[in-house]
K.L.:
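This is the structure I have questions about; it appears just below.
Here the structure is a predicted model, which means the values were calculated and not measured. Letters go in sequence order (proteins before strands), and every chain restarts at 1.
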Number of protein chains: 2
Amino acid sequence: MNLKSQVEWALHCCAILCALPADKYLSTKALAEFHGVPKEYLSKALQALSQAGLVHTTLGPTGGYRLARKPADITFLEIVEAVEGKERTFICNNIRANNPCRPKDFCDVKPCAVARVMWQADKAWRDTLSAATLADLLDTLQVDVPADQLASTAQWVLKRAG
Amino acid sequence: MNLKSQVEWALHCCAILCALPADKYLSTKALAEFHGVPKEYLSKALQALSQAGLVHTTLGPTGGYRLARKPADITFLEIVEAVEGKERTFICNNIRANNPCRPKDFCDVKPCAVARVMWQADKAWRDTLSAATLADLLDTLQVDVPADQLASTAQWVLKRAG
DNA sequence: GGCCCAGTACTCGGATACATGCTGTCCGAGTGACTCGGG
DNA sequence: CCCGAGTCACTCGGACAGCATGTATCCGAGTACTGGGCC
């Protein structure tokens, strides 16, 4: 049970898109070159972000992606769910129904007790992810990454933006 | 990114093993029939539990599995990790290293900021799972499941125990 | 009758096929900006 | 100089291999019960 690598790519791409002027777009090609990942496959992740309404896209030359909202209004959870789907990680097949001691017509009022615990953990995971926004990530990067590297990266983005 | 169905099976099997007298064992065959799952494949999950030291096993006609510890001393996390592995769900490939604006010999002191957030969520998930024990599950079942069904199930287990 | 021993039936455990889904690639359709020729 | 058709670059979406992992199955190794033979 691993998250797909597309999740990592999507998160990093969103971080880069934060450095983009409001009226500009950055293409899949630029994002793929920046991160050193296959362009065609990365586009799948970006399409998912687009369908989820997290990024805005335009066709043609100068086309590409930009964030649809402010970094403070986009959470990690939204990005992860856009790529991985919103389904819970634990799927309950209700195998308790196979219990031979159980009446055939027995009707459960509550979900399986095992599933409830697993879903509670799933919720804790999602709550943590929804508490972190892209703006928080940017703040962290301000501390972690040397200023000159941040500046040159921003310039690289600006140069490739259309 | 879904948990394997073996996780569900392992959890339910542990719940059933709780109803077992301390000196008895329950075979894979019995557990498989009880839950309506393939015997051979279920044995894989039980092997994982055995290797993790959560259950004790014996060979021979009266052989099978039983819990290695008291239900209050076995957490959901231990069972889940026994089957799914202890690795984090988010694996960081450090794609920030591919940033063209980054000095080639740059050495990171901290893990990637994106990964840190993802790992924090992963920790929240695991913390929730490690807070729930099999004893808690039994308490929940006492409330959810009719007493007669619990009793007949316990009797079924006793009958199949060797 | 009691004890020992070989056989048997049953169990776990590892090794082996099949299916599903992630990873990666390719190509065609559609769209917007740019270029260039004509008025 | 202005306008319009054509060209180009880019996105989007689907279709297609390759591979890893989950799913399912089979067979061998080992152990406890069982029945018979022997003392």
K.L.:
Give a yes or no on whether a salt bridge exists between Asp144(A) and Arg96(B), defined as a side-chain N under 4.0 angstrom from a carboxylate O.
P.N.:
no

K.L.:
Nearest whole Å is fine: how far is dG32(C) C1' from His56(A) NE2?
P.N.:
13 Å

K.L.:
Within this structure, what is the CG-to-P distance between Leu59(A) and dC34(C), rounded to whole angstrom?
P.N.:
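These atoms are roughly 15 Å apart.
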
K.L.:
In this structure, how many angstroms lie between the C1' atom of dT11(D) and the CZ atom of Arg66(A), rounded?
P.N.:
15 Å

K.L.:
Roughly, in whole Å, what's the span from CG in Leu49(A) to C1' in dT11(D)?
P.N.:
15 Å

K.L.:
Verify the contact: side-chain N or O of Ser50(B) to OP1 or OP2 of dG13(C), cut-off strictly under 4.0 Å; return yes or no.
P.N.:
yes

K.L.:
Verify the contact: side-chain N or O of Thr62(A) to OP1 or OP2 of dA33(C), cut-off strictly under 4.0 Å; return yes or no.
P.N.:
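Answer is no, no contact under 4.0 Å.
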
K.L.:
Take atom OH of Tyr65(B) and atom P of dT31(D), then tell me their distance rounded to the nearest Å.
P.N.:
15 Å

K.L.:
Is the backbone N or O of Leu3(B) less than 3.5 Å from a side-chain atom of Glu84(B), with the two atoms forming a donor-acceptor pair by type?
P.N.:
no

K.L.:
Over 60° means perpendicular and under 30° means parallel, so classify the ring planes of Trp9(B) and Tyr41(B), tilted if in between.
P.N.:
perpendicular

K.L.:
Without decimals, in angstroms, what is the distance between Ile91(A) CD1 and dG22(D) C1'?
P.N.:
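That distance rounds to 11 Å.
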
K.L.:
Taking the side chain of Pro61(A) as heavy atoms from C-beta outward, which of dC10(D), dT31(D), dG32(C) is closest to it?
P.N.:
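That would be dG32(C).
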
K.L.:
Do Thr153(B) and Asn99(A) pair up side chain to side chain, a donor and an acceptor below 3.5 Å, judged on atom types alone?
P.N.:
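A donor-acceptor contact under 3.5 Å links the two side chains.
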
K.L.:
Tell me yes or no: between the side chains of Tyr25(B) and Thr58(B), is some donor less than 3.5 Å from an acceptor?
P.N.:
yes

K.L.:
Is any side-chain nitrogen or oxygen of Gln51(B) closer than 4.0 Å to OP1 or OP2 of dC12(C)?
P.N.:
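Looking at the OP1 and OP2 atoms of dC12(C), neither is under 4.0 Å from any side-chain N or O of Gln51(B).
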
K.L.:
Do the side-chain N and O atoms of Asp127(B) and Ser130(B) include a donor-acceptor pair separated by under 3.5 angstrom?
P.N.:
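No, because no side-chain N or O of Asp127(B) sits under 3.5 Å from a partner of the opposite role on Ser130(B).
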
K.L.:
Taking CG from Leu26(A) and P from dT11(D), how many angstroms apart are they, rounded to a whole number?
P.N.:
9 Å

K.L.:
Would you indicate what Tyr25(B) reaches in the nucleic acid, counting non-hydrogen atoms under 4.0 angstrom: base, sugar-phosphate, or nothing?
P.N.:
nothing

K.L.:
Under 3.5 Å, which N/O atoms of the protein pair with N/O atoms of nucleotides 19-26 of chain C?
P.N.:
| from | atom 1 | to | atom 2 | distance (Å) |
| --- | --- | --- | --- | --- |
| dT23(C) | OP1 | Ser5(A) | N | 3.1 |
| dT23(C) | OP1 | Ser5(A) | OG | 3.4 |
| dT23(C) | OP2 | Tyr41(A) | OH | 3.1 |
| dT23(C) | O5' | Tyr41(A) | OH | 3.2 |

K.L.:
Do Thr89(A) and Asn2(B) have side-chain atoms, one donor and one acceptor, less than 3.5 Å apart?
P.N.:
no

K.L.:
Which sits closer to the 5' end of DNA chain C, Gly60(A) or Gly63(B), going by the nucleotide each is nearest to?
P.N.:
Gly63(B)

K.L.:
Could you give the CG-to-C1' distance, from Asn2(B) to dA20(D), as a whole number of Å?
P.N.:
16 Å

